[in-house]
Amino acid sequence: MSAIAHIGQDVAAPPPSRRGKKWVPYLLLLPGLLWLVVFFVVPMITLLSQSLQTGSIDTGYTLTWHWQTYTDAFSLYWPQFLRSFVYAFVATAMALLIGYPLAYTIAFKSGRWKGVLLVLVIAPFFTSFLLRTLAWQTILSSNGIVVKFFNATGLMNVLQALNLVNGDQLLSTPFAVMAGLTYNFLPFMVLPLFASLDRIDPRLLEAGADLYGRPFTAFRKVTWPLSMPGVVAGTLLTFIPAAGDYINSKLLGNPNTTMIGQVIDGQFLRVLDYPTAAALSFTLMVTILVLVSIYVWRAGTEELV
Amino acid sequence: MATVTSAPPTRQATPPAKRPRKGPFTWVREHIIAIVAALVFVYMLLPNVIVILFSFNKPAGRFNYEWVTFSLDAWLHPCAPPGMCTAVGLSLKIGLLATLIATILGTMIAFSLARYRFRGRAATNLLIFMPMATPEVVMGSSLLTLFVNMAFPLGTTTILIAHIMFSISFVVVTVKARIAGLDPRLEQAAMDLYANERQTFMKITLPLVAPGIAAGALLAFSLSFDDYIITNFNASSSSITFPMFVWGAASKGTPVQINVIGTVMFMISFLIVGLGQFIAWRRRPKD
């Protein structure tokens, strides 16, 4: 093959095939996939099995197909389930609302500062998740600047009306938990949004601006649809970890903001009621899988991995 | 980005005649998106600033929440809180081992997925995606049921197994993106210059993919070093990692030294990422 033949060829052409070595891809996959099967797939099966066993940690467990554990656990802990999904939904919506302008600015308005701004987006990860969540205790403390600002602008009255805060206190409230969740998973929203906005050909935006005149119409008809893969990926990467998180609700909330992760943690590690804990954990997994499947199917995007 | 430069200069073509009255509100309205973006940056980075600032605090009580006075005590005696430096050491050890193994396994999978068409590709992609789409609490608790059922003792080994498991997918995604972005003409050129498959891989492909592998390894290390939820499910009382130490401290009293560790982590990460950006900038195509 001569080099000249390749010039001008489609860059995205399929990679050179290596015929006659059919086993090579499987050999490369084997160790990694084996690890994932043994330590990710098999545990899901042991989790399901554990949830259907009866017994105690001292006498040992036997598989009795005791499905009633599920109904009992759900009737006890449905408020925590519901709360987890509501909090995760609000945090995802907020992250999209404030993450989109940020991703948009980095993709289209940052010029040669793009690299620096992207580093700033991942900069929160440079310090421990727990330490940063603890820092919110300082930021939201009762004599801190945020409480004063909220009081001065009347935002506090709005939050009080929505029953999200406790008097003039921001810390240990549902507001603090949702603000913490939004904060912690915001980079997971911004990065996929940026990735799909950055891929848009600027000429399409110019054509949109010429066609529709009004910037908002151009945005709605051109930019937003083209950024859909990023929106879907970003909302999933925010919603899923937020629904299972309990660090924010523990450190920034109160006993009435308990999320389902906290219940699972407590049942497994303190109460030692393994079947109930396993049933809750499995229910969380299945609920999220169902929600995500419906969402991805409705959004019609396959560009996730 | 070659397409950008070739775009017809429609914007410049229109004469810059219409410049209506410019008040402060016009400026705000024109830059509203950038202003929102700046505020979001403040929201994102404020906690990092607080962590660093409060490493120089001298708190009045057991909790380091309110600013009292400037002090270098914590920086001069970083290992004063009992057990903290042991925890940091364990986190570093687990982080390095997990990164090494997850990077090797993940890079192999990435090459297989990016370079070969084979039966079971879709299933493999799904298996790679699933750990990223599963809440940590489910992964941590399911792994616990496996270890309990096998009567496998919890400790450093089980933490390491868990960290490798959740890091692999992130390495695969990072490295795969880099391989997919390679210009195949470079490898074809090497082959045309009579390099064999092995030489092409070692001299062309691997050096070009290396930044992706490095990024995947960094991601794996930071995920491992920072993980609390999965670790907590699979640890024992004799294997306390740094995040577990911080979690315990959050209810008993937070020593200033945890902020020192957080600040050092921040500076090291910043240096590594800054160095990467600098190398990329030096190697940029010169116009």
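Letters A, B, ... are given to chains in the order of the sequence lines, protein chains preceding strands, and every chain is numbered from 1.
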Donor-acceptor check, side chain of B:Tyr65 to backbone of A:Ala135, threshold 3.5 angstrom: yes or no?
no

Side chain proximity check, A:Leu269 to B:Leu144, heavy atoms < 4.5 angstrom:
yes

Taking atom NZ of A:Lys22 and atom OH of B:Tyr116, what is their separation to the nearest 0.5 Å?
14.0 Å

With a 4.5 angstrom heavy-atom cut-off, could you sort out which part of A:Leu120 is near chain B: side chain, backbone, both or neither?
both

Residues of residues 275-284 of chain A near chain B, each having a heavy atom less than 4.5 Å away:
A:Ser281, A:Leu284

Applying ring-ring contact (aromatic ring centres under 6.0 Å, His included) to B:Trp67 and not counting sequence neighbours gives B:Phe54

How close do B:Thr145 and A:Pro43 get, heavy atom to heavy atom, and via which atoms?
OG1-O, 3.8 Å

What are the two closest non-hydrogen atoms of B:Ala37 and A:Pro101, and how far apart are they?
CB-O, 4.1 Å

What are the two closest heavy atoms between A:Leu27 and B:Met108, and how far apart are they?
O-CE, 4.1 Å

Go through the atoms of B:Leu53 and report whether side chain, backbone, both or neither lie under 4.5 Å from a heavy atom of chain A.
neither

Looking at OH of B:Tyr228 and OG of A:Ser128, how far apart are the two atoms once the value is rounded to the nearest 0.5 Å?
12.0 Å

Where on A:Ser141 is there a heavy atom nearer than 4.5 Å to chain B: the side chain, the backbone, both, or neither?
neither

Below 4.5 Å from any heavy atom of chain A, which atoms of B:Thr254 appear? Answer side chain, backbone, both or neither.
side chain

Contact class of B:Val264 relative to chain A, heavy atoms under 4.5 angstrom
neither

Measure distances from A:Asn143 to the heavy atoms of chain B and classify the residue's part below 4.5 Å as side chain, backbone, both or neither.
side chain

Go through B:Thr134 and A:Ile288 one step at a time and tell me if the side chain to side chain contact (heavy atoms under 4.5 Å, CB included) criterion holds.
CA-CA 8 Å; B:Thr134 306; A:Ile288 285 183; over 6 Å; no

Can you tell me how far the CD atom of B:Glu136 sits from the OH atom of A:Tyr246, to the nearest 0.5 Å?
8.5 Å

Please round to the nearest 0.5 Å and tell me the distance separating atom CG of B:Leu39 and atom CD1 of A:Ile98.
10.0 Å

So which of A:Tyr104, A:Phe129, A:Phe239, A:Tyr61 has the largest heavy-atom pair count under 4.5 angstrom toward chain B?
A:Phe129

Heavy-atom neighbours of B:Leu193 CG exceed 12 at 6.0 Å:
yes

Can you check whether B:Ile128 reaches A:Leu36 side chain to side chain, under 4.5 Å on heavy atoms?
yes

Between A:Ala242, A:Ala103, A:Ala179, who has the most heavy-atom pairs with chain B when the cutoff is under 4.5 Å?
A:Ala179

Turns out that what part of A:Ser49 lies under 4.5 Å from chain B's heavy atoms comes down to neither

Mind checking whether A:Trp35 and B:Ile161 have side chains closer than 4.5 Å, heavy atoms only?
yes

Of the backbone (N, CA, C, O) and the side chain (C-beta and beyond), which part of B:Arg119 lies under 4.5 Å from a heavy atom of chain A, both, or neither?
both

Closest non-hydrogen contact found for B:Pro243 with A:Leu130 is O-CD1, 3.0 Å

Under the side chain to side chain contact (heavy atoms under 4.5 Å, CB included) rule, what do A:Leu28 and B:Ile109 come out as? Steps first, then yes or no, please.
CA-CA 6 Å; A:Leu28 284 170; B:Ile109 296 177; over 6 Å; no

I need the residue from B:Ile268, B:Ile32, B:Val138 with the largest number of non-hydrogen atom pairs under 4.5 Å to chain A.
B:Val138

Heavy-atom proximity to chain B below 4.5 Å, by part of A:Leu33:
both

Is a side-chain N or O of B:Tyr43 found less than 3.5 angstrom from the main chain of A:Tyr183, in a donor-acceptor match?
yes

Chain A contact via B:Met130 - side chain, backbone, both or neither, heavy atoms under 4.5 Å:
both

Once rounded to the nearest 0.5 Å, what's the spacing between atom OG1 of B:Thr263 and atom CG of A:Leu131?
8.5 Å

Select one option (side chain, backbone, both, neither) describing which atoms of B:Asn232 are under 4.5 Å from chain A's heavy atoms.
both

Nearest heavy atoms of B:Val137 and A:Gly261, plus distance in Å:
CG2-O, 3.9 Å

By a 4.5 Å heavy-atom criterion (distance strictly below it), what part of B:Ile33 contacts chain A: side chain, backbone, both, or neither?
both

Has B:Ser142 got a side-chain atom pairing as donor or acceptor with A:Met44's backbone, closer than 3.5 angstrom?
no

Contact check, side chains of A:Ile57 and B:Val148, non-hydrogen atoms, under 4.5 Å:
no

Options A:Val41, A:Val121, A:Ile106, ranked by heavy-atom pairs under 4.5 Å with chain B, top entry
A:Val121

Report which part of B:Val36 has an atom under 4.5 Å of a heavy atom belonging to chain A: side chain, backbone, both, or neither.
side chain

Can you name the closest pair of heavy atoms from B:Leu146 and A:Val38 and give their distance?
CD2-O, 3.8 Å

Assess whether side chain to side chain contact (heavy atoms under 4.5 Å, CB included) is satisfied between A:Leu251 and B:Trp247, documenting all intermediate values.
CA-CA 9 Å; A:Leu251 296 182; B:Trp247 182 266; 4.3 Å; yes

With a 4.5 Å cut-off on heavy-atom pairs, point out which of A:Pro215, A:Gly115, A:Ala243, A:Pro241 contacts chain B the most.
A:Gly115

Do B:Val246 and A:Leu134 have side-chain heavy atoms sitting under 4.5 Å apart?
yes

Side chain from CB out, backbone as N, CA, C, O: work out which of these in A:Leu117 comes under 4.5 Å of a heavy atom of chain B, or both, or neither.
both

May I ask you to decide if A:Arg132's main-chain N or O and B:Asn48's side chain share a donor-acceptor pair within less than 3.5 Å?
no

Aromatic plane relationship, A:Phe39 with B:Phe147 - under 30° parallel, 30 to 60° tilted, over 60° perpendicular
tilted

With a 4.5 Å cut-off on heavy-atom pairs, point out which of B:Ile164, B:Ile168, B:Leu46 contacts chain A the most.
B:Ile164

Looking at B:Phe270, I'd like to know if its CZ atom is crowded, meaning that more than 12 non-hydrogen atoms belonging to other residues, nucleotides or ligands lie closer than 6.0 Å.
no

For residues A:Phe125 and B:Asp226, determine if any side-chain heavy atom of one lies less than 4.5 Å from a side-chain heavy atom of the other.
no

Could you verify whether a donor N or O on one side chain and an acceptor N or O on the other, from B:Asn149 and A:Thr46, lie under 3.5 Å apart?
no

Using the ring-ring contact (aromatic ring centres under 6.0 Å, His included) criterion, which residues pair with A:Phe219? Sequence neighbours excluded.
A:Tyr100

Any side-chain heavy-atom pair of B:Val273 and A:Phe126 under 4.5 Å
yes

Using the ring-ring contact (aromatic ring centres under 6.0 Å, His included) criterion, which residues pair with B:Phe166? Sequence neighbours excluded.
B:His163

OG on B:Ser112 to CG on A:Leu29, rounded to 0.5 Å:
3.5 Å

Check step by step if side chain to side chain contact (heavy atoms under 4.5 Å, CB included) holds for A:Val119 and B:Gln277.
CA-CA 9 Å; A:Val119 171; B:Gln277 288 279 316; 3.7 Å; yes

